[in-house]
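Worksheet: one structure, shown below.
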Amino acid sequence: MRFRSKIVDVSCLNHFTRVINTISKLTKTCTLRLTVNNLYFILTDKVANGGVSMWCELSQGNFFDEYQMEGVCMEQNEIFLELIPENLSRALKTAQNAKSVKVKLTNKHCPCLTVALELPSLSSSSRIVTHDIPVSVIPRRLWNDFKEPSVPEFDVSIYLPALKTMKSVVERMKNLSNYIVIEANRNGEINLKIETDLVSVSTHFKDLGNPPWVSDDASQNSTQEIDNMAEARIDIRKLLQFLAGQQVNPTKAICNIVHKRMVHFILLHEDVSLQYFIPALA
Amino acid sequence: MGEGVKCVITGTNIKALGRAVHSLSRIGDELYFEPLEDGLCLRSVNSSRSAYASFTLAPLFFHSYEATGGTCHCKIHMKTVISVFRSLPSLEKTVEKCLISLNAEKSRLVIQLLCKYGITKTHNLSYQDCESLQAVYNPDTCPNMLRAPARLLSDAVMHFPQTLAEITIMASPCGKVTLRNYVEEDIDSTKTMLTELSLSRDEFLVYQLKKQSDITFCLREFRGLLSFAESTSLPVSIHFNTAGLHCLTCCPVLWESTLHTLPDLETGQGVGPAVFSVDDTVLEVHFVLATLSDTDRASQSESQYNRPPLHSSEDDFLGDDIDYMIAMETTVTHSPPPSSPTFCGHSCINPFQEAQDPLSDDEPDAGVPGTPPNKKFRSLFFGSILANSGHSNQEILAEDSDREEE
């Protein structure tokens with residue numbers, strides 16, 4: 001099993017750092033899956049993390065100037081590691097003016113993802129900073145746990161309003177309630193609602209547009225359904241974590257709602273896609 | 001007492017004073033204020049006495065400086081002083097003149113800030129008379145000295161997490177300095193991120209090293225010094241000893257390492273604390289930080305310091321804090337070891353006077369790894385240095401350990 005990669009380009013490095021920062025805000029630990037073409041950061045829907053799950057996909061060619069990996073065997077040419085994304089985020093924090101950043105799998109006191117920064121110095125030789133991030137290698141028999149989640153059979157799919165606006169709304173609502181109801185229809189409308197014994201607050205967004213999914217063309221035709229709201233009541237902290245933590249500035253942000261079951265967010269930004277699933281509460 | 005001091009600070013030196021107070025506030029809860037003929041001394045020591053800082057501001061630092069009468073020593077709560085200098089930017093922007101005077105009659109230290117638009121802020125701080133606080137150290141006896149621009153060092157420590165407690169510097173005579181985060185033994189190293197950084201000797205202004213040396217010390221206090229030094233753009237000098245000898249400086253040393261150090265002491269080798277200093281014509285800053293002797297790590301990195309294997313079960317039940325405290329214990333009498341970690345808070349009145357115990361007193365315990373050498377450690381710390389430096393014990397007084405006033 002081998003893995004080594006190198007980032008030289010500053011904008012690639014910044015972009016990669018932002019993705020890692022986003023992930024580290026969403027979860028304490030996650031699985032890093034390395035394939036020949038892609039990197040995946042995966043969080044499966046364990047009860048321990050409140051049933052949320054995450055799937056983040058990066059195309060390596062858009063980030064790394066060098067990228068070599070060799071999996072366990074030819075047939076299963078992949079590597080699965082468990083790591084604390086916060087560590088990776090911390091390692092990259094001071095890398096912003098690095099001449100190069102190398103990320104490689106090493107076996108030191110334990111299996112590590114080693115991040116080596118080459119920093120400019122006043123002398124002829126560069127300053128080298130290495131961060132050894134402990135990881136655990138996930139054995140092949142468990143790989144099945146980390147399959148890409150299929151897009152759920154949603155009732156409504158809708159583009160999200162500006163995430164910053166949404167964040168400031170949800171931030172205020174969080175002071176009032178622990179739960180938030182997200183409801184949306186196929187007419188480009190989203191409502192964010194909280195209800196407590198003392199107060200009900202709802203914020204309405206309209207003209208957001210609904211992404212064209214090939215599969216749901218058939219049902220889209222019936223006009224009376226178009227204003228029907230699909231809703232899900234979710235943990236407001238999970239939603240805020242997602243809104244506040246994201247740093248990828250997506251070109252597209254989509255929300256899919258499975259009525260009373262779950263909310264599925266997709267952030268798309270050129271070469272990165274981030275999916276985040278929040279289960280609905282009763 | 002009845003003696004006093006009157007000084008006036010103007011211009012950028014006000015901010016420098018503010019920064020000095022900020023640096024000191026990272027060390028201890030009390031500021032020792034000591035006006036001397038040749039300048040104003042501001043000092044602090046942390047509660048476990050593993051870190052000591054001293055700023056000496058020469059009369060030239062001041063617009064006018066007048067120390068009248070004999071010596072006076074007082075200590076002030078750090079919180080009250082820091083509140084005067086809290087905001088450095090506003091200090092720089094609005095304060096034009098700073099007057100400091102000691103009003104012995106009213107027992108108040110008066111700090112007046114003369115601001116723009118004729119606003120005068122007067123702070124009357126209460127203080128306590130106390131003995132002079134003076135750690136004993138002599139950087140000149142340290143065989144190793146590194147001097148570097150503060151910027152280099154702060155750029156280096158920047159890569160380490162803010163929460164990191166201790167950092168290890170390993171310097172080799174071949175010209176490589178490595179910094180790495182110190183991981184305590186009881187922490188699972190497979191769960192901790194390890195960070196390492198190398199600097200080449202070309203980046204240092206002075207690189208004087210006799211042997212491969214490792215020192216481990218508190219990062220927080222060091223950061224305090226660096227932020228001060230960076231603001232003055234003065235270089236920082238680090239004086240330290242060879243690995244295994246340095247734990248004398250004080251505290252977070254585990255018991256067994258104390259034991260291993262004893263023989264070195266007996267041979268009379270130059271033992272001294274790790275001293276970080278910043279010098280200028282108008283000010284002199286010394287930070288004396290405890291260094292941790294990690295036999296394990298030392299033997300990993302440098303086989304020439306092969307020491308007997310660790311033999312300790314005390315580690316397991318003694319948290320770090322307790323180690324700190326016990327290490328500060330004094331040889332007041334050769335009574336049995338304290339049963340409570342709070343013991344040192346109210347038992348030893350004047351550690352330094354007792355600290356002159358000849359080193360040979362410590363010998364018997366040295367051979368018994370199971371015996372907590374807690375009381376010895378302090379006497380080691382001060383006693384041996386006393387012997388070397390030839391100070392009289394009257395000059396070297398510690399803060400009273402029983403603080404009834406609190």
Side-chain angles (χ1 to χ4, degrees), chain A residues 13 17 20-21 23-24 27-32 81-138, chain B residues 146-164 167-172 174-207 219 223 226 230 233 235 294 296-297 300-301:
Chain A
L13 178 59
T17 307
I20 301 298
N21 288 346
I23 290 160
S24 72
T27 175
K28 273 213 176 77
T29 64
C30 73
T31 302
L32 170 60
L81 305 170
E82 185 168 290
L83 81 153
I84 298 170
E86 167 72 24
N87 282 338
L88 195 52
S89 156
R90 238 170 49 197
L92 292 170
K93 198 162 133 196
T94 54
Q96 295 318 302
N97 59 352
K99 289 199 259 179
S100 74
V101 175
K102 288 180 188 159
V103 183
K104 55 194 173 187
L105 193 60
T106 55
N107 197 0
K108 298 205 172 172
H109 55 286
C110 64
C112 285
L113 202 61
T114 297
V115 180
L117 318 177
E118 190 190 346
L119 298 160
S121 76
L122 299 171
S123 74
S124 50
S125 53
S126 302
R127 272 176 220 163
I128 307 288
V129 182
T130 58
H131 298 278
D132 294 323
I133 302 164
V135 293
S136 51
V137 177
I138 297 171
Chain B
L146 302 176
R147 182 176 294 154
R151 187 63 202 273
L152 174 74
L153 297 170
S154 61
D155 275 358
V157 299
M158 176 181 86
H159 297 279
F160 295 90
Q162 284 296 323
T163 50
L164 180 66
I167 192 170
T168 304
I169 291 186
M170 294 175 287
S172 76
C174 65
K176 199 174 131 187
V177 177
T178 304
L179 282 76
R180 67 157 68 136
N181 53 339
Y182 176 75
V183 182
E184 279 160 57
E185 276 166 41
D186 52 344
I187 288 174
D188 187 357
S189 66
T190 62
K191 295 219 171 84
T192 323
M193 179 160 94
L194 297 180
T195 300
E196 200 173 302
L197 171 133
S198 305
L199 301 168
S200 80
R201 72 185 297 165
D202 329 350
E203 300 206 58
F204 289 84
L205 302 171
V206 177
Y207 194 95
L219 185 54
R223 280 199 165 111
L226 288 180
E230 239 192 315
S233 47
D294 185 327
D296 246 3
R297 181 156 297 178
Q300 269 168 23
S301 58

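Note that the structure is predicted; figures quoted are calculated from it, not measured. Values below: every heavy atom of this structure, side chains too, minus hydrogens, waters and symmetry copies.
The OG atom of A:Ser121 sits 10.5 Å away from atom CG of B:Asp155, with the distance rounded to the nearest 0.5 Å. To the nearest 0.5 Å, atom CG of residue B:Asn181 and atom NE2 of residue A:His131 are 9.5 Å apart. Atom CG of B:Leu194 and atom NZ of A:Lys108 lie 8.5 Å apart (nearest 0.5 Å). Distance NE2/B:His159 to OG1/A:Thr94: 4.5 Å, rounded to 0.5 Å. With rounding to the nearest 0.5 Å, the separation of CG in A:Asn87 from OG1 in B:Thr192 is 8.5 Å. Taking CG from A:Leu119 and CG from B:Leu199, the interatomic distance works out to 10.0 Å, rounded to the nearest 0.5 Å.
Heavy-atom neighbours of B:Arg151 CZ from other residues, nucleotides or ligands within 6.0 Å: at or below the threshold of 12. Other residues, nucleotides and ligands contribute more than 12 heavy atoms inside 6.0 Å of the NZ atom of A:Lys99.
Interface remark: A:Leu117 contributes side-chain atoms only to the contact with chain B (heavy atom separation under 4.5 Å).
The choice from A:Val115, A:Thr130, A:Thr114 that makes the most heavy-atom pairs within less than 4.5 Å of chain B is A:Thr130.
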Handout entry: Stepwise side-chain contact (heavy atoms from CB on, under 4.5 Å) check, B:Met193 with A:Ile84
Key = CA-CA 10 Å; B:Met193 179 160 94; A:Ile84 298 170; over 6 Å; no

Practice task
Tell me, with the steps shown, if B:Thr195 and A:Val129 meet side-chain contact (heavy atoms from CB on, under 4.5 Å).
Solution key: CA-CA 7 Å; B:Thr195 300; A:Val129 182; 4.1 Å; yes

